[in-house]
Amino acid sequence: MPTASMTVNGKAVSGEVESRTLLVQFIRDKLGLTGTHVGCDTSQCGACVVHVNGKSVKSCTLLAVQAEGAKVTTIEGLANGGDLHPMQAAFRENHGLQCGFCTPGMVMSALDLVQQIPDPNEQQVREWLEGNICRCTGYQNIVKAIQAGAKAMRS
Amino acid sequence: MADSGIGARALRKEDHRFLTGQGHYTDDINVHGQLYAYFLRSPHAHAAIRKVDTGAASKSTGVVAVFTGADVAADKIGGLICGWTVTDRHGKPHKAPPHPILAHEKVRYVGDHVAVVIADTLTNAKDAAEKIEVDYDVLPAVVDVAKAMDAKAPQLHADTPQNLCYDWLLGDPAQVDAALAKSHHVAKLDLVNNRLIPNAMEPRAAIGEYDGGTDSYTCHSTSQNPHVLRLILCAFILGIPEHRVRVIAPDVGGGFGSKIFCYAEEVVCLWAAKKVRRPVKWTAERSESFLSDAHGRDHVTHVELGMDKDGKFTAMKVETLAAMGAYLSTFATCVPTYLYATLLAGQYTTPIISANVKAVFTNTAPVDAYRGAGRPEATYVVERIVEVAAREMKMDPAEIRRRNFVKPDQFPYQTPVALQYDSGNYAKALDDAMKLADYAGFASRKAEAAKRGKHRGIGFSAYIEACGIAPSAVVGSLGAGVGLWESAQIRFNPTGTAQVLTGSHSHGQGHETTLAQVVGDMLGLPIENITVVHGDTSQVPFGMGTYGSRSLAVGGSAAAKAADKIIAKGKKIAAHLLEASVDDITYAKGTFRVAGTDKTKSIGEIAFAAYVPHNYPKDLEPGLDETAFYDPANFTYPAGVHICEVEIDPDTGVTKIVNWAAVDDFGKVVNPMVVEGQVHGGIAQGIGQGLLEGCVYDKETGQLLTGSFMDYCMPRADDLPSFKVGMIETPCPHNPLGVKGCGEAGAIAAPPALVNAVTDALGIRHMEMPLTSERVWRTIHKMAAE
């Protein structure tokens with residue numbers, strides 16, 4: 001079996017995988033980082049979004065071996081000790097989550113948006129979230145949270 | 001207390017773990033030694049199973065066992081049940097065909113469970129499943145609810161001629177016909193309530209464990225109601241005593257009704273765990289969710305509404321065909337009857353109403369409660385026909401509604417369809433919604449849009465729902481197999497913090513915060529000092545779970561009753577400590593006081609005294625731990641008015657929702673932030689039904705054509721506007737908190753508001769949901785051609 005080696009949340013990790021093992025399976029099953037979720041099997045829902053080399057990626061769309069040598073950040077890698085990342089805090093303050101299942105993907109996706117557009121307007125946020133499905137919130141408070149999180153990150 | 005008591009926009013206690021990836025959903029849980037289950041599903045909508053050959057699969061790498069319907073039958077495992085008996089118009093119970101957990105002899109829908117492979121890894125289980133050979137004799141299928149009763153339609157089950165599950169009647173159609181005949185005008189409409197696939201973001205999952213040492217079981221499941229699931233698993237299917245089964249529903253990623261029911265997969269995992277003597281885990285892939293989660297809606301209806309010359313409604317007649325799918329799901333039968341026809345009065349004083357509902361089997365996934373469950377279907381019928389009536393009578397849509405509203409001084413109001421509404425102020429919600437929507441300015445906005453070549457329309461929906469489900473004696477008399485009370489326990493610790501254990505279940509609603517607010521408000525504790533526990537039959541008292549917007553109205557009321565008991569006991573302890581008579585002790589916000597003095601004891605001191613009873617009343621039990629059960633006196637009746645404004649581009653057929661104003665009456669609001677979130681999500685699902693979502697089966701083959709997120713259009717962020725949400729508050733008069741429930745309102749209100757707006761924009765009478773851009777474009781171009 002091939003080995004996949006990468007840096008996840010700042011830690012070097014390595015493990016034997018089947019060549020067909022997806023990155024999300026490696027993260028969840030091998031590393032036990034279950035904050036990254038699987039909500040579909042067609043790369044539509046975005047619950048599995050992580051950062052690979054700084055960019056948001058659906059981790060169900062990548063084989064684990066394709067992330068060889070990459071720097072991966074998952075939702076578990078954001079908070080600094082007990083302190084939430086400003087984007088996480090903004091989701092809480094704006095009630096941007098209900099059941100919490102899509103939330104890790106939403107937060108990771110939002111962070112990539114803010115890298116590209118530091119001060120996104122409502123329409124830009126809504127269009128960016130094309131690849132993230134939420135069934136609970138109607139998105140309104142997610143949009144609000146992302147704009148608030150972006151503002152907090154600018155200051 | 002102001003920042004976390006009743007009425008406060010308290011931030012949610014549960015959010016930290018979800019935001020940091022530390023939630024525990026069922027698939028996040030791994031049990032030592034676990035195996036993986038993979039289900040082989042039927043590729044045919046209807047077929048006889050001639051033979052299942054599992055030989056090669058059994059020998060495949062890593063396979064521990066392969067089971068089929070024959071193994072289930074050999075072990076005499078019961079089938080899935082339907083827990084609500086509907087009595088038909090002839091006094092007979094509905095047809096309840098067998099629903100085996102693995103198909104035996106016949107498959108009846110695409111996705112029906114044929115066999116299960118249990119292996120050391122999921123990939124090995126999947127690989128082995130491909131080696132199972134099933135010899136099918138494919139039969140003709142019927143998937144269309146309107147065709148299920150046709151003479152030529154194939155019959156799904158023995159002893160169910162015309163695929164008829166029941167033919168049910170409420171009211172007297174002859175009387176209604178007579179009243180319609182005498183009416184000044186009768187508006188008539190045929191409409192379809194499109195089948196939906198719930199699609200909670202977390203797919204269903206289960207882990208079955210068997211402990212041979214104690215002959216006991218544990219089942220982790222994505223359930224909205226773990227005790228009800230345990231009852232069904234034990235008493236009706238597996239025949240295991242309830243006290244030897246623990247069901248845990250940990251963090252659950254949305255339900256919307258689809259996780260109320262007992263499904264084949266969790267039964268199989270539990271049964272198989274004992275057979276293979278190892279834990280068995282199953283997690284649905286999304287495509288399995290599409291195929292096998294209980295779907296929602298799927299009605300075809302004819303409605304007639306009579307009125308006098310002033311537009312006052314005189315009578316309404318409704319005839320509905322409702323799909324049950326291939327088998328009856330857990331509560332399927334009550335949805336198109338007691339949760340549907342009883343709501344057909346809407347907010348109006350229509351004096352007589354009749355409803356005939358024929359429920360039929362089709363070669364499709366089972367249909368059951370989905371957000372709103374019957375009430376969205378009723379509201380769609382009522383609010384569409386009222387709109388058609390307004391247009392035919394050339395009346396303003398707001399005015400025809402206002403003229404027919406139940407007035408505030410008419411409560412309690414007995415409808416002709418069994419329910420007694422308790423409170424409300426429908427005209428006030430309408431007035432507020434019209435202001436919020438700037439209805440007065442609509443004509444000029446429409447004219448301005450027309451100059452740009454766009455069609456603008458506006459649509460109303462004045463909905464009502466029956467929530468707080470439900471008074472046990474009432475539902476029992478209507479055929480329910482369970483009582484619908486709720487339980488709560490408040491367990492103080494010696495140091496003055498408390499646990500609140502609830503029989504309701506949170507899967508996004510925020511109970512860990514709102515129930516803490518209720519109890520904290522009553523007992524003078526900040527919510528940080530309260531932990532709400534739910535979802536584990538070994539921890540919480542027997543409870544009925546969460547659905548039908550019942551958790552606060554019923555579960556919150558139980559918590560309030562338990563808090564009352566804590567206060568009553570606390571007074572006895574305080575009286576002893578303060579050397580006063582119990583009658584002289586007053587209580588407010590966590591402080592017990594000898595009336596008229598400054599002698600006080602805090603609830604923390606009382607809790608300490610109760611657990612360290614060195615100086616304590618002689619005849620009183622130690623401890624501060626009280627349980628209460630609450631059985632509601634009536635349903636609650638949330639109601640409101642939603643107004644939708646759309647702009648349609650005739651070149652593309654795209655409908656843009658440019659304004660959405662909602663004014664809802666949920667009675668007393670515990671946490672406005674959470675309530676607004678529930679409204680947003682509900683509206684989004686309702687817009688999904690109206691604009692985007694539609695489950696489609698191929699009419700010939702019964703293949704599910706909308707079997708993935710690529711084919712089934714879930715609302716995305718850029719499909720929706722920001723909603724304007726307002727509230728009015730007429731407290732529920734019969735529960736201790738005055739609350740009504742808010743979880744389903746948006747999904748109930750939204751579809752007719754949207755369809756009324758689009759048909760108004762296009763100047764047409766009706767159009768079937770979903771109003772996709774293609775359908776709208778074709779309609780516009782067909783009109784132009786004519």
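Every chain is numbered from 1 and lettered A, B, ... according to where its sequence line falls, protein lines coming before strand lines.
- Between chain A and the options B:Gly508, B:Gly23, B:Ala717, heavy-atom pairs under 4.5 Å are most frequent for B:Ala717.
- There is no contact between A:Val125 and chain B, counting heavy-atom distances below 4.5 Å.
- Ranked by heavy-atom pairs under 4.5 Å with chain B, the list A:Cys45, A:Gly82, A:Gly32, A:Cys40 is led by A:Cys40.
- Contact count against chain B (heavy-atom pairs under 4.5 Å) is highest for A:Leu97 among A:Leu97, A:Val107, A:Leu84, A:Thr42.
- Checked for salt-bridge contact, B:Glu676 and A:Lys144 miss the test: no charged N lies under 4.0 Å from a carboxylate O.
- Looking at A:Arg28, the atoms closer than 4.5 Å to chain B (heavy atoms on both sides) all sit in the side chain, from C-beta outward.
- A donor-acceptor contact shorter than 3.5 Å is absent between the side chain of A:Arg135 and the backbone of B:Met714.
- Both the backbone and the side chain of A:Ile133 come within less than 4.5 Å of a heavy atom of chain B.
- Your options are A:Gly100, A:Gly96, A:Gly77, A:Pro104, and the one with the most heavy-atom pairs under 4.5 Å with chain B is A:Gly100.
- Contact annotation for A:Thr137: only backbone heavy atoms (N, CA, C, O) come within less than 4.5 Å of a heavy atom of chain B.
- With a threshold of 4.5 angstrom between heavy atoms, B:Phe290 does not approach chain A through any atom at all.
- In this structure, B:Gly21 and A:Glu76 approach most closely via the heavy-atom pair O-OE2, 3.7 Å.
- Without hydrogens or angle criteria, A:Asp41 side chain to B:Ser287 main chain gives a donor-acceptor distance under 3.5 Å.
- Looking only at heavy-atom pairs under 4.5 Å with chain A, the residue among B:His16, B:Gln509, B:Gln22 that has the most is B:His16.
- Using a 4.0 Å cut-off between charged side-chain N and carboxylate O, A:Arg20 and B:Asp127 make a salt bridge.
- Salt-bridge formation is not detected for the pair A:Arg126/B:Asp719: no Lys NZ or Arg NE/NH1/NH2 atom is positioned less than 4.0 Å from an Asp or Glu carboxylate oxygen.
- The NE2 atom of A:His37 sits 9.0 Å away from atom CZ of B:Phe18, with the distance rounded to the nearest 0.5 Å.
- Within the 4.5 angstrom heavy-atom criterion, only side-chain atoms of B:Tyr25, from C-beta onward, approach chain A.
- Separating the NE2 atom in A:His95 from the OG1 atom in B:Thr513 is a distance of 9.0 Å, to the nearest 0.5 Å.
- If you take CG on B:Leu720 and CG on A:Leu129, they are separated by 11.0 Å, rounding to the nearest 0.5 Å.
- Here the closest heavy-atom approach between residue A:Gln88 and residue B:Thr20 is recorded as NE2-CA, 3.9 Å.
- Neither the backbone nor the side chain of B:Asp251 comes within contact range of chain A, judged by heavy atoms closer than 4.5 Å.
- In terms of heavy-atom proximity, B:Phe709 sits nearest to A:Gly39 at CE1-O, 3.8 Å.
- Interface remark: A:Glu93 contributes backbone and side-chain atoms alike to the contact with chain B (heavy atom separation under 4.5 Å).
- In plain terms, the two heavy atoms of B:Arg716 and A:Glu130 that are nearest each other are NE-O, 3.4 Å.
- Contacts with chain B were tallied for A:Gly35, A:Cys99, A:Gly131; A:Cys99 has the most, counting heavy-atom pairs under 4.5 Å.
- In this structure, the portion of B:Ser708 lying under 4.5 Å from any heavy atom of chain A is its side chain and not its backbone.
- Ranking B:Val252, B:Asp27, B:Asn30 against chain A, the residue ahead of the rest is B:Asp27, based on heavy-atom pairs under 4.5 Å.
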Could you walk me through whether A:Glu122 and B:Ser722 pass the side-chain contact (heavy atoms from CB on, under 4.5 Å) test, one step at a time? CA-CA 9 Å; A:Glu122 177 176 345; B:Ser722 283; 3.0 Å; yes
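- By number of non-hydrogen pairs under 4.5 angstrom with chain A, the leading residue of B:Val674, B:Asn199, B:Thr123 is B:Thr123.
- Only the side chain of A:Ala79 comes within contact range of chain B, with at least one heavy atom under 4.5 Å from a heavy atom of that chain.
- Residue B:Val679 does not touch chain A at all, counting heavy-atom pairs closer than 4.5 Å.
- Only the side chain of A:Tyr139 comes within contact range of chain B, judged by heavy atoms closer than 4.5 Å.
- Across A:Leu78, A:Leu33, A:Ile142, A:Thr34, the residue that shares the most heavy-atom pairs under 4.5 angstrom with chain B is A:Thr34.
- Judged as a side chain to side chain donor-acceptor pair (under 3.5 Å), the pairs with a partner in residues 50-72 of chain A (not counting sequence neighbours) are, in order, A:Ser43-A:Thr61, A:Ser56-A:Asp112.
- Atom OG1 of A:Thr103 is separated from atom CZ of B:Arg17 by 11.5 Å, given to the nearest 0.5 angstrom.
- B:Thr283 does not touch chain A: none of its heavy atoms, backbone or side chain, sits under 4.5 Å away.
- Summarising the geometry, atom CD belonging to A:Gln98 is positioned 6.5 Å from atom CZ belonging to B:Arg12; distances are rounded to the nearest 0.5 Å.
- Of all heavy-atom pairs between B:Phe723 and A:Gly138, the closest is CE1-O, 4.3 Å.
- Neither the backbone nor the side chain of B:Ile683 comes within contact range of chain A; no heavy atoms are under 4.5 Å apart.
- With respect to chain A, the highest number of heavy-atom pairs below 4.5 Å among B:Pro721, B:Gly688, B:Ala684, B:Gly682 belongs to B:Pro721.
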